[in-house]
Amino acid sequence: MNHVAVLDFGSQYTQLIVRRVRELGYFAKLYLPEHLDAIGKPGAIILSGGPKSTSDEDAPDIDFEMLQGYGVPVLGVCYGMQLLNIKFGGCVKKSNHREYGNAMLYPVEQTGLYEGISAESQVWMSHSDTVDSLGEDCRVIAKNQHGTPVSLQWGESFFGIQFHPEVTHSHEGTQILKNFLDTAGELAAFHIEDFKQELIDEIRAKVGEKQVVCGVSGGVDSTVLAVLLHEAGVNVKAIYVDQGLMRKNETAEVEANFKRMGVPIEVVDASERFLTALDGEGDPEKKRKIIGNLFIDVFWDAVGDAEMLAQGTLYPDVIESASNENSKASTIKTHHNRVDRILEMQKEGKVLEPLAELFKDEVRELGANMGIQQDILDRHPFPGPGLAVRCPGVVTKERLDIIRDCDHIFISELKESGWYQKTWQAYAGLIPVKTVGVKGDERSYEYATNLRAVISEDAMTADWVDLPTPLLRKVSSRILNEVSGINRVLYDISSKPPASIEWE
Ligand code: XMP
């Protein structure tokens, strides 16, 4: 299959290259450079950026002869370009400072890679190496505002770009990628059915006859995962753990949904265990670890002899997590499902994460392809540690009940007004500070709730939603009238970065 092979040299943005290529309608897959011999029959190859300098001792390398042997167009991005320049006999200079941020791009000619690209185009750079001398059969095809070469071409089919075309700050980046792909022969189209078949084949090969425990939360990712495993004919046991950290009526709704889809589900009520384990703990990372570890314990309590664990980890979880063995990306935040116990299991090869190469919208597409109903696919994401990350400080049943009531009102009103579909994620959380107010004729001394509604593409960045004032007014009035324990309603107007979507 003439797919696009993307070689991962460790940049945080490598998966975005895959995503952009798929958005252009072609089938792209990610590989490690040392697995160059295993990329099958590619139609084009892209070398990603990476955090290293080509002069570092442990800088990742590539088998250049093998790369050339494929006889297909090659694009080197950032580190990838510098590496190609060296391979063609050129030199790379290590600079003392890293150039980071927006820059201007000036194509030498508006043809080939720069066909239809503006004479001056904004691009986004993040690099410390620059081209010092050019390799064999090399020409400069674009420069930056200082006249420095930032794009090279070797012969007919090897290209290099210093900037990152995959990030949205590179305004014409997608078109530049498209121009590159246009230089290739016919490329395989990206069809979710084909991808599904690949995933099913991989799952079958990895799992064999083993039993897989699949944690389901009712969210899009774990639901799609469970249905995918079921469709792959795997001996899967779907387990839903009620951590006592779920939203109002959530457990009953999830159980009913799974029953309707015919996927076997076992509901484990562990709410007391979780609340006891969390008792008195106010530190966000410790809370996450307690919940994550206990979650796995509850699994193995429920199914002691299960040999594998399946998780609905997606790409944004992967890049925001600690060391991922399949990627060289630097650690950003210890987060999400990567608690110690799972890391151990991962080392033993007991964790299955078939959706880890996918973005949320692709998971939804996969789910729709498998016949999962739309209201499940349209559900907002919900964090693994549940309401605990929306309850800063210590978690108590009283606080959780307040959050549940506020959240239920907010989400119902969003659905009623059509804003649920227009927002990427929304929720009500607790601000555990009591302030003075007046309720009826009496002085009140109660908590505040924070309403959060954001739009986002993939959770890596997010912006708050400008909800209509009458809607906010209605939600606020309902919460203040209907929820005991709350006398203030605040709307969170923080973007990510620097804030995050959840409060913890
Ligand atoms: P933050 O708060 O980091 O959240 O901006 C980004 C997205 O990830 C969700 N989230 C989690 N999802 N396990 C998950 O499966 C977690 O531990 C977790 N923490 C945050 C969050 O709801 C948002 O969609």
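When a ligand or atom number is given, it counts from 1 through the structure's own listing order.
- Judged by the 6.0 Å and 45° rule, R19 forms a cation-pi pair with F359.
- Each of the atoms 1 (P), 3 (O), 5 (O), 6 (C) of ligand 1 lies under 4.0 Å from some heavy atom of K496.
- In this structure, of P383, G386, P381, S222, the residue bringing a heavy atom nearest to atom 11 (C) of ligand 1 is P383.
- Checked against a 6.0 Å centroid threshold, the rings of H380 and Y420 count as neighbours.
- Residues R379 and E250 are paired through a salt bridge, judged by an N-O separation under 4.0 Å between the basic side chain and the carboxylate.
- Near R288, meaning under 4.0 Å from one of its heavy atoms, ligand 1 places the atoms 16 (C), 17 (O), 18 (C), 19 (N), 20 (C).
- Those atoms of ligand 1 that come under 4.0 Å of a heavy atom in W424, given as number and element, are 24 (O).
- Close N/O approach between E502 and ligand 1 is found [any backbone or side-chain N/O within under 3.5 Å].
- Taking the six-membered ring where the residue is Trp, F27 and F190 present parallel rings, their angle staying beneath 30° rather than reaching 60°.
- Between W124 and Y13, the angle of the ring planes goes over 60°, which puts this pair in the perpendicular group of the 30/60° scheme.
- For the pair W503 and ligand 1, no heavy-atom separation below 4.0 Å is found.
- Those atoms of ligand 1 that come under 4.0 Å of a heavy atom in A459, given as number and element, are 6 (C), 7 (C).
- Here is the list of ligand 1 atoms found below 4.0 Å of a heavy atom in G384: 12 (N), 13 (N), 14 (C), 15 (O), 16 (C).
- Put simply, NZ on K496 and CG on D463 are 12.5 Å apart, with the number rounded to the nearest 0.5 Å.
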